[in-house]
Amino acid sequence: MPRFCANLSFLFTELPFPERFAAAARAGFRGVEYLFPYDWPAADIAAWLREAGLEQVLFNLPAGDWAAGERGYACHPGREAEFRAGLELALDYAAVLGCTRLHALAGLRPEGIPEAELEATFLENMRGAADTCARQGVTLLMEPINSRVDMPGYWLDTPARAFALQALAGREELLVQLDLYHAQVMAGDLARSLEAQLARIGHIQVADNPGRQEPGTGEIHYPYLFALLDRLGYQGWVGCEYRPRAGTEAGLGWLRPWQAEA
């Protein structure tokens with residue numbers, strides 16, 4: 001069965017961040033992810049992980065001023081030095097937390113810059129970052145995020161675009177982070193995408209559509225997709241990055257059969 005990890009930026013938000021680790025472990029999770037760790041010392045987070053018996057699966061590189069609306073800047077010309085500095089900070093945290101996956105947000109499309117320049121900047125940043133990550137045993141990820149509902153203006157917004165850019169980058173250490181909710185919003189055809197591209201996917205995330213709530217609340221038939229991942233031999237994690245409809249614990253019923261079979 002797939003290995004499920006809890007995204008602590010979405011789940012257990014009824015609790016302060018430090019308490020979410022133990023709550024995730026009590027709920028049966030063995031791994032966690034979240035958006036950013038940088039508001040807390042890495043040593044503190046490592047202690048919360050250790051005490052809860054959890055693996056740190058994934059987190060994002062710094063993404064600019066999130067509160068002001070920034071969503072990364074990997075495609076932004078003129079911010080290459082800032083990107084490299086953010087990568088070094090993320091790798092410092094990853095070393096302390098034992099994390100082997102980092103996601104670099106591409107960013108919102110800046111106005112007035114030709115598409116070719118945005119793509120060239122993104123590819124240059126991804127190639128350099130993938131090479132740097134590889135020296136630390138870390139896989140770099142890039143994620144297509146839907147621009148229709150959740151992140152209007154996001155530059156890297158479709159699975160097809162992400163897989164094309166991954167091929168152009170030409171780095172084995174650079175893979176696609178495929179959130180099946182975002183993929184459903186922008187493209188659909190999830191099963192065939194998984195079948196065709198699984199070797200190029202480094203992490204999978206789930207939520208249902210519409211609403212981005214727990215699996216079983218919308219149109220995506222997750223039992224079929226989880227069984228498909230098993231048949232395809234997927235060895236990675238599945239991140240639970242959804243907004244619980246009525247509290248985290250109340251919404252975990254969908255997960256129990258899969259945990260029992262793991």
Side-chain angles (χ1 to χ4, degrees), residues 2-11 17 20-21 24-25 29-38 40 42 45-46 48-50 52-63 66 71-72 74 83-84 86-107 122 125-145 156 159 162-163 165-167 169-183 194 197-207 229 232-242:
R3 294 181 296 165
F4 294 93
C5 62
N7 189 306
L8 300 184
S9 298
F10 285 72
L11 303 187
F17 185 72
R20 297 176 197 173
F21 294 80
F29 290 102
R30 294 294 174 261
V32 294
E33 60 182 47
Y34 38 72
L35 295 182
F36 308 106
Y38 310 110
W40 298 271
I45 300 175
W48 303 332
L49 289 164
R50 185 171 56 253
L54 293 169
E55 179 178 334
Q56 181 65 59
V57 174
L58 167 75
F59 59 87
N60 296 328
L61 271 63
W66 193 265
R71 294 296 181 263
F83 179 82
R84 289 192 296 271
L87 174 66
E88 292 299 329
L89 176 61
L91 285 170
D92 287 345
Y93 269 79
V96 175
L97 302 180
C99 184
T100 60
R101 300 165 196 81
L102 294 174
H103 167 227
L105 285 116
F122 182 77
N125 279 332
M126 292 298 100
R127 290 175 180 134
D131 292 343
T132 300
C133 285
R135 290 192 287 271
Q136 191 169 306
V138 171
T139 298
L140 183 68
L141 302 171
M142 57 183 189
E143 178 188 12
I145 299 175
L156 177 56
F163 289 120
L165 288 168
Q166 190 260 357
R171 294 295 190 275
E172 292 182 0
E173 302 82 10
L174 175 63
L175 296 174
V176 173
Q177 176 176 317
L178 189 66
D179 187 315
L180 297 179
Y181 160 74
H182 291 306
L194 290 171
Q197 306 290 0
L198 190 68
R200 302 165 67 190
I201 295 171
H203 188 64
I204 291 171
Q205 293 173 322
V206 296
L229 289 174
L232 295 175
Y234 177 66
Q235 298 297 309
W237 289 86
V238 174
C240 300
E241 189 180 78
Y242 60 81

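Treat the numbers as computed from the prediction; the structure is a model and nothing was measured. Heads up: numbering here begins at 1 and tracks the sequence.
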Listing request: all side-chain hydrogen bond (donor to acceptor under 3.5 Å, both in side chains) pairs with a residue in residues 88-101, at least two apart in sequence or in separate chains. none
Can you list everything that forms a side-chain hydrogen bond (donor to acceptor under 3.5 Å, both in side chains) with Arg200? Sequence neighbours excluded, please. Gln166, Gln197
Distance, nearest 0.5 Å, that separates CG of Leu58 from SG of Cys5: 7.0 Å
Nearest-0.5 Å distance that lies between atom CG in Leu178 and atom CD1 in Ile201: 4.5 Å
Least distance between heavy atoms, Ala90 atom then Leu102 atom: CB-CD1, 4.0 Å
Under the side-chain hydrogen bond (donor to acceptor under 3.5 Å, both in side chains) rule, collect the residues that match up with Asn60, sequence neighbours excluded. His103
Please identify each residue that fulfils ring pair (Phe, Tyr, Trp, His ring centres under 6.0 Å) with Phe17, with sequence neighbours left out. Phe21, Tyr34, Trp40
Hey, mind stepping through Asp179 and Val206 against side chain to side chain contact (heavy atoms under 4.5 Å, CB included) and telling me if it holds? CA-CA 6 Å; Asp179 187 315; Val206 296; over 6 Å; no
So, for Gly86 and Pro62, which heavy atoms are closest and what is the spacing to 0.1 Å? O-CD, 3.3 Å
Where Leu175 and Ala199 come nearest, the two heavy atoms and their spacing: CD2-O, 4.1 Å
Locate the shortest heavy-atom distance separating Glu173 from Ala134; write the atom from each residue and the value. CG-CB, 3.4 Å
Can you give me the closest heavy-atom contact between Met126 and Ala104, atom names plus distance? CE-CB, 3.7 Å
Please name all residues satisfying side-chain hydrogen bond (donor to acceptor under 3.5 Å, both in side chains) with Glu33, sequence neighbours left out, ordered by chain then number. Asn7, His203, Gln205
Could you give the distance from CG (Asn125) to CZ (Arg84), rounded to the nearest 0.5 Å? 7.5 Å
Given Cys99 and Phe59, is the side chain to side chain contact (heavy atoms under 4.5 Å, CB included) satisfied, shown in steps? CA-CA 8 Å; Cys99 184; Phe59 59 87; 3.9 Å; yes
Using a 4.5 Å cut-off on heavy atoms from C-beta on, say whether the side chain of Leu87 contacts that of Cys133. yes
Please name the pair of heavy atoms, one in Ala130 and one in Leu174, separated by the smallest distance, quoted to 0.1 Å. CB-CB, 4.2 Å
Is any side-chain heavy atom of Pro144 closer than 4.5 Å to one of Val176? yes
Say you draw a straight line from CZ of Arg30 to CZ of Phe4; how long is it, rounded to the nearest 0.5 Å? 14.0 Å
Walk me through it: do Leu89 and Leu61 pass the test side chain to side chain contact (heavy atoms under 4.5 Å, CB included)? CA-CA 8 Å; Leu89 176 61; Leu61 271 63; over 6 Å; no
If we ignore hydrogens and angles and just use 3.5 Å, is the side chain of Gln56 paired with the main-chain N or O of Leu54 as donor and acceptor? no
Could you measure the distance from the CG atom of Leu105 to the CD1 atom of Ile145? Nearest 0.5 Å is fine. 5.0 Å
Quick one: pull up CG in Leu140 and OG1 in Thr132 and give me the separation to the nearest 0.5 Å. 9.5 Å
Partner set under salt bridge (Lys or Arg N to Asp or Glu O under 4.0 Å) for Arg171, not counting sequence neighbours: Asp131
Step by step, would you call Cys240 with Phe29 a side chain to side chain contact (heavy atoms under 4.5 Å, CB included)? CA-CA 10 Å; Cys240 300; Phe29 290 102; 4.0 Å; yes
Close side-chain approach of Met142 and Phe122, heavy atoms under 4.5 Å: yes
Say whether, by atom type as modelled, one donor and one acceptor occur between the side chain of Arg3 and the main chain of Val238 under 3.5 angstrom. no
